[in-house]
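Accompanying notes for the structure given below.
When a residue number appears, it is its place in the shown sequence, counting from 1.
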Amino acid sequence: MTDQRRPAAYTLQTTLEGISPAQLTGFFVGWPNPPSPETFHRLLAGSYRFVLALQNGQVIGFVQAISDGVLTAFIPLLEVHPDHQGQGIGRALMERMLTELGDLYATDLACDDDLVPFYEGLGLRQANLMFRRNYERQNGRPGAG
């Protein structure tokens, strides 16, 4: 069954201009130690690139990339607020991010098996991934000051 919900108007933004931590709530659902909105804001500020989906002044989705700016980029996070999923926002965010990273040699990401078809539909190919996690630090590194 296809989702017939039509998304309300939203815009994509690639800066933090006008974005406060209060506009970054409702994400990291199911994480045992999610980052606070303040930490989330710092995460975006320290990213190589990010794209935000905004609706009525609230962030409803985001994608983040880290990179050396020369050859490679990694996309660690893509998330759409639960109230706005199934409306094509995640696809729009990824398409914009892939355009932003289009002049680099390699763009990599890791995903759960059930998301492989979504990313293949964007032109990515499946490969192996190795990782290490410290879930006690999942909420982020303490901020300076």
Verdict with supporting geometry, F62 and L78, side-chain contact (heavy atoms from CB on, under 4.5 Å)
CA-CA 6 Å; F62 73 96; L78 165 67; over 6 Å; no
Does a side-chain heavy-atom distance below 4.5 Å link T25 with V59?
no
Tell me the salt bridge (Lys or Arg N to Asp or Glu O under 4.0 Å) pairs involving residues 93-107, sequence neighbours left out?
R49-E100, R91-E95, R96-E100
Hey, any chance L115 and L77 share a hydrophobic cluster, counting ILVMFWY side chains that come within less than 4.5 Å of each other, even indirectly?
no
To the nearest 0.5 angstrom, please state how far the CD atom of Q23 sits from the CG atom of N56.
11.5 Å
A quick test of your reading: do over 12 heavy atoms of other residues, nucleotides or ligands sit less than 6.0 Å from CZ of R137?
yes
Sub-4.5 Å side-chain heavy-atom contact between E120 and R125
no
Measuring only between side-chain heavy atoms, which start at C-beta, is L24 closer than 4.5 Å to E38?
no
Could you tell me which residues satisfy side-chain contact (heavy atoms from CB on, under 4.5 Å) with V70, sequence neighbours excluded, listed by chain and number?
D68
Do R132 and N134 have side-chain heavy atoms sitting under 4.5 Å apart?
no
In this structure, would F74 and F118 fall into the same cluster of hydrophobic residues linked by side-chain contacts under 4.5 Å?
no
Close side-chain approach of M94 to V51, heavy-atom, < 4.5 Å
no
For the pair S67 (side chain) and T72 (backbone), establish whether a donor and an acceptor sit closer than 3.5 Å, ignoring hydrogens and angles.
yes
Interatomic distance, CD@Q64 vs CG@L52, rounded to 0.5 Å, equals 11.0 Å
Keeping Q87 on the side-chain end and I89 on the backbone end, is there a donor-acceptor pair under 3.5 Å?
no
Could you pull out the closest heavy-atom pair between L129 and A110, with the gap in Å?
CD2-CB, 3.0 Å
Look only at the side chain of Q85 and the backbone of V80, and say whether a donor-acceptor pair between them is shorter than 3.5 Å.
yes
Heavy-atom side-chain contact between I75 and T107 under 4.5 Å
yes
side-chain contact (heavy atoms from CB on, under 4.5 Å) assessment of L124 paired with L109:
CA-CA 9 Å; L124 282 79; L109 62 80; 3.6 Å; yes
Atom OH in Y135, atom CG in N33: separation rounded to 0.5 Å?
10.5 Å
Worked check of side-chain contact (heavy atoms from CB on, under 4.5 Å) between I19 and Q13
CA-CA 10 Å; I19 303 297; Q13 179 171 318; 3.6 Å; yes
Check P34 against F28 and note the closest heavy-atom contact, atom names and distance.
CB-CB, 3.8 Å
Minimal heavy-atom distance between P76 and A65, with the atoms involved, is CD-CA, 4.2 Å
Shared ILVMFWY cluster between I66 and L98, side chains joined below 4.5 angstrom?
no
Could you walk me through whether N139 and S36 pass the side-chain contact (heavy atoms from CB on, under 4.5 Å) check?
CA-CA 7 Å; N139 60 353; S36 69; over 6 Å; no
If I compare all heavy atoms of F50 with all of M97, which pair ends up nearest, and what's the gap?
CA-CE, 3.6 Å
Would you check if the distance from the ring center of F40 to the ring center of F27 is below 6.0 Å?
yes
Look at the side-chain heavy atoms of Ile, Leu, Val, Met, Phe, Trp and Tyr, link any pair under 4.5 Å apart, and say whether V63 and L44 land in one connected group.
no
With side chains defined as the heavy atoms from C-beta onward, is the minimum distance between S20 and H41 less than 4.5 Å?
no
So, do Y10 and I60 sit near enough that their side-chain heavy atoms are less than 4.5 Å apart?
yes
From CZ (R141) to CZ (R42), nearest 0.5 Å
9.5 Å
Could you report the tightest heavy-atom contact between G61 and L93, atom names first, then the distance?
C-CD1, 3.6 Å
